Chemist: 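I have a structure here, written as structure tokens, and I will follow up with some questions on it.
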Amino acid sequence: MQVDVLSAKELKSSGPVFGQLSFDDHEQVVFCNDKDTGLKAIIGIHNTVLGPALGGTRMWKYNSEWEALNDVLRLSRGMTYKSAITGLNLGGGKAVLIGDAKTEKTPQLMRRFGEFVHSLSGKYITAEDVGMDTEDMDIVREVTPYVTGISESKGGAGNPSPITAYGVFMGMKAAAKYKFGSDDLDGKKVLVQGIGHVGESLVEHLSNEGAQVFIADINPARLEEISKKYSASIYNDDVYAAPVDIYAPCALGATINDDTINKLKASIIAGAANNQLADEKVHGKLLQERGILYAPDFLINAGGIINVYAELEGYDRKEIMRKTENIYHTTLEILKTAEDKNIPTHYAALQIAQQRIDDRKKENFR
Ligand code: NAD
């Protein structure tokens, strides 16, 4: 066995864990390791003031463990604000599994991950995210009750992605109303980047509304399939420079960054991906200056969390749809607040979410 021991100099240069750029006063970060199944996971619990930290599990082939840590820190923080702005009594958490979901995910690994989730006694509740399916959550359910997004046949609310897509569609329509004066997307050019679980459902809503839909994905077979199914055009050129009205990021985060921001021609950004702004301090402001209306991701992609919250609270489909439709009104309010205060739209959303957390904290201390 070889043990790598870092020298004092190396330890110093690797920087403090609590000083990680993405560390934002997270309550707890749990590293899970199991040699037998090959499990390497990190669970990030950002904040539990409003309730247990709920957020999906992502499996991804990260280039490094630091990249995985950075992702889970950013994603779990995003969940705190997503639940807060949506009015749910949930905190923010997320988990990442390091590995290729297509080749390294096994039932044994998922069960072992479930045991780690269980060891947190409900402080963190998991669900599905990129690289996960409802069936994976069913396996986790075998060893812990602290999981949502399980199959309908097993008492769950089922796949959250169609609800997420519907919420994104509502947020997009609200942004169109604000920017173009009408929420009718008929004839509008919309580019959907990433046509996975959520992206496909969004394409369906857009096609039904008569939008001119363009699609981009790294999976050519998927592009062919979705293009045929919904008569969407495959976009092969640089996605960021596409001459469209609306850009809908539905793949991974951080696509609004130093390299892409100046190329954007779209008037609106509204999509499902989490953490679309690579650096929210910089890129939110730049979008505002460029007059590109950004519908904050954590606000409009909350349909999925509304769906899984129903599993915990026991409310029905009608209530899920009502809460998801409400994303339209919340988005309009946030866009107006941002304009009135002359601040980037995601700051307006963050301020309202933070206020709700602070108010609850005060109540709890009374
Ligand atoms: P998914 O894994 O089903 O789909 C992702 C798609 O993006 C895949 O088709 C993949 O090939 C494609 N992709 C990956 N990298 C790409 C790239 N560089 N360029 C173009 N395409 C690329 O995931 P999903 O469940 O549809 O989720 C999509 C996004 O929405 C994720 O960021 C996820 O965190 C977020 N989100 C999902 C939900 C949900 O309910 N599923 C809820 C909230 C947020």
Side-chain angles (χ1 to χ4, degrees), residues 54-62 71-72 74-79 81-83 85-86 88 92 94-97 100-102 105 126-134 136-137 148-149 156-171 191-204 214-227 232 234-240 242 247-257 259-260 270-278 295-311 320 324 327:
L54 195 152
T57 296
R58 170 173 296 188
M59 187 159 187
W60 193 252
K61 231 177 140 190
Y62 292 99
D71 207 26
V72 80
R74 279 167 59 92
L75 290 165
S76 52
R77 173 180 180 269
M79 291 309 295
Y81 295 116
K82 185 186 306 204
S83 285
I85 194 86
T86 311
L88 308 179
K94 202 91 180 181
V96 295
L97 304 189
D100 189 333
K102 285 199 185 80
K105 190 170 62 179
T126 198
E128 65 170 86
D129 191 54
V130 175
M132 290 289 143
D133 286 313
T134 308
D136 298 314
M137 294 305 114
T148 54
N159 177 8
S161 304
I163 311 290
T164 301
Y166 186 57
V168 171
F169 184 57
M170 289 294 115
L191 190 145
V192 181
Q193 178 189 37
I195 39 165
H197 291 105
V198 180
E200 175 179 356
S201 206
L202 180 62
V203 168
E204 187 176 3
F214 297 87
I215 52 175
D217 201 292
I218 49 171
N219 181 343
R222 184 87 182 142
L223 280 171
E224 284 301 326
E225 181 198 336
I226 302 300
S227 152
I234 298 173
Y235 197 79
N236 286 319
D237 290 337
D238 185 354
V239 163
Y240 306 102
Y247 161 51
C250 295
L252 294 179
T255 59
I256 315 295
N257 55 47
D259 296 330
T260 62
N274 287 308
N275 299 326
Q276 290 165 23
L277 305 177
D297 49 11
F298 63 92
L299 167 65
I300 71 167
N301 72 10
I305 192 109
I306 291 171
N307 191 57
V308 292
Y309 189 56
E311 259 177 65
I320 293 174
T324 306
I327 289 176

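Bear in mind the structure is a predicted one, so any value in this text is a computation, not a measurement. Whatever order the structure lists ligands and atoms in, that order sets their numbers, starting from 1.
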Chemist: Does any donor atom in the side chain of Gln276 or Tyr247 lie under 3.5 Å from an acceptor atom in the other side chain?
Modeler: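 Tyr247 and Gln276 do not have a side-chain donor-acceptor pair below 3.5 Å.
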Chemist: Which ligand 1 atoms, with their elements, are less than 4.0 angstrom from a heavy-atom of Lys82?
Modeler: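 With Lys82 as reference, the close atoms of ligand 1 come out as 43 (C).
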Chemist: Which is it for Val239 and ligand 1 at heavy atoms under 4.0 Å: side chain, backbone, both or neither?
Modeler: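 Answer for Val239: neither.
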Chemist: Please report whether ligand 1 has a polar contact with Lys94, defined as an N or O pair separated by less than 3.5 Å (distance criterion only).
Modeler: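 It does not: no N or O of Lys94 is found under 3.5 Å from an N or O of ligand 1.
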Chemist: Which pair of non-hydrogen atoms, one from Gly55 and one from Met79, has the smallest distance, and what is that distance?
Modeler: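 It is CA-CE, 3.9 Å.
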Chemist: Checking the N or O distance criterion of under 3.5 Å, is ligand 1 in contact with Asn274?
Modeler: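 Min N/O separation from ligand 1 is below 3.5 Å for Asn274.
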Chemist: Hey, does Arg222 come in under 3.5 Å of ligand 1, counting only N/O atoms on both sides?
Modeler: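 For ligand 1, there is no N or O atom that lies under 3.5 Å from one belonging to Arg222.
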Chemist: For side chain to side chain donor-acceptor pair (under 3.5 Å), just list the numbers for Tyr309 and Ser83, CA-CA rounded to whole Å, side-chain angles, deciding distance to a tenth of an Å, and then say yes or no.
Modeler: CA-CA 10 Å; Tyr309 189 56; Ser83 285; over 6 Å; no
Chemist: Search all heavy atoms of Ala165 against all heavy atoms of Val198 and return the closest pair with its distance.
Modeler: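 Heavy atoms of Ala165 and Val198 come nearest at CB-O, 3.6 Å.
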Chemist: Considering non-hydrogen atoms of the protein only, which is the closest contact for atom 4 (O) of ligand 1, and what is the distance?
Modeler: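 The protein heavy atom lying closest is Gly196 CA, 3.2 Å.
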Chemist: Provide the closest heavy-atom pair for Phe298 versus Gly78 in the form atom of the first, atom of the second, distance.
Modeler: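 Where Phe298 meets Gly78 most closely, the heavy atoms are CB-O, 4.0 Å.
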Chemist: At a 4.0 Å threshold, what atoms of ligand 1 neighbour a non-hydrogen atom of Arg58?
Modeler: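 Per the distance check, 32 (O), 33 (C), 34 (O).
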Chemist: Ligand 1 versus Gln276, non-hydrogen atoms closer than 4.0 Å: side chain, backbone, both, neither?
Modeler: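 None of Gln276 does.
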Chemist: Give the atoms of ligand 1, by number and element, whose distance to some non-hydrogen atom of Asp129 is under 4.0 Å.
Modeler: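 Contacts of ligand 1 toward Asp129, numbered from 1: 33 (C), 34 (O).
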Chemist: Is the closest N or O pair between Ala251 and ligand 1 shorter than 3.5 Å?
Modeler: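 For ligand 1, there is an N or O atom that lies under 3.5 Å from one belonging to Ala251.
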Chemist: Between Asn301 and Asn274, is there a side-chain donor-acceptor contact under 3.5 Å, judged purely by atom types and distance?
Modeler: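 Indeed, the side chains of Asn274 and Asn301 share at least one donor-acceptor pair under 3.5 Å.
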Chemist: How far is atom 28 (C) of ligand 1 from its nearest protein heavy atom, and which residue and atom is that?
Modeler: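 Its nearest protein heavy-atom neighbour is Cys250 O, 3.2 Å.
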Chemist: Out of Thr57, Val72, Asp71, which residue meets the side-chain contact (heavy atoms from CB on, under 4.5 Å) rule with Lys94?
Modeler: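 Result for side-chain contact (heavy atoms from CB on, under 4.5 Å) with Lys94: Val72.
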Chemist: Under a 3.5 Å distance rule, please check whether Asp100 uses its side chain to pair with a backbone N or O of Lys61 as donor and acceptor.
Modeler: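 Looks like no, no N/O pair under 3.5 Å.
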Chemist: Quick test: of every protein heavy atom, which one is nearest to atom 2 (O) of ligand 1, and how far off is it to 0.1 Å?
Modeler: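 Sorting protein heavy atoms by distance from atom 2 (O) of ligand 1 puts Val130 CG1, 3.7 Å first.
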Chemist: Identify the closest protein heavy atom to atom 9 (O) of ligand 1: which residue and atom is it, and at what distance?
Modeler: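 For atom 9 (O) of ligand 1, the nearest protein heavy atom comes out as Asp217 OD2, 2.7 Å.
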Chemist: Give me the residue, atom name and distance of the protein heavy atom closest to atom 43 (C) of ligand 1.
Modeler: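 Here the closest protein heavy atom is Asn301 O, 3.6 Å.
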Chemist: What is the closest protein heavy atom to atom 36 (N) of ligand 1, and at what distance does it sit?
Modeler: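 Nearest neighbour among protein heavy atoms for atom 36 (N) of ligand 1, to 0.1 Å: Ala272 O, 3.6 Å.
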Chemist: Can you tell me which residue and heavy atom of the protein come closest to atom 37 (C) of ligand 1, and the distance to 0.1 Å?
Modeler: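 Checked against all protein heavy atoms, atom 37 (C) of ligand 1 sits closest to Val198 CG2, 3.8 Å.
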Chemist: Quick check: closest heavy atoms across Thr255 and Pro249, and the distance to 0.1 Å?
Modeler: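 Taking Thr255 first and Pro249 second, the nearest heavy atoms are OG1-CB, 3.9 Å.
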Chemist: Is it true that Glu128 and Arg58 make a salt bridge, defined as a side-chain N closer than 4.0 Å to a carboxylate O?
Modeler: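 Answer for the salt bridge query: no.
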Chemist: Is there a donor-acceptor pair under 3.5 Å between the side chain of Arg222 and the backbone N or O of Ile195?
Modeler: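 Yes, Arg222 side chain to Ile195 backbone: donor-acceptor pair under 3.5 Å.
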Chemist: Would you indicate whether the side-chain heavy atoms of Asn307 and Ile305 approach each other to under 4.5 Å?
Modeler: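 Counting from C-beta outward, Ile305 and Asn307 never come under 4.5 Å.
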Chemist: Does Glu128 come within less than 4.0 Å of ligand 1, judged by its heavy atoms?
Modeler: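 Under 4.0 Å: no for Glu128.
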Chemist: Where on Thr164 is there a heavy atom closer than 4.0 Å to ligand 1, on the side chain, on the backbone, on both, or on neither?
Modeler: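 It is the side chain that gets close, since no backbone atom is under 4.0 Å.
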Chemist: Considering only protein heavy atoms, which is closest to atom 15 (N) of ligand 1, and at what distance to one decimal place?
Modeler: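 Result for atom 15 (N) of ligand 1: Ile218 CD1, 3.6 Å.
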Chemist: Would you say Asn219 has any N or O atom under 3.5 Å from an N or O of ligand 1, going by distance alone?
Modeler: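 Between Asn219 and ligand 1 (N or O atoms, distance only) the closest approach is not under 3.5 Å.
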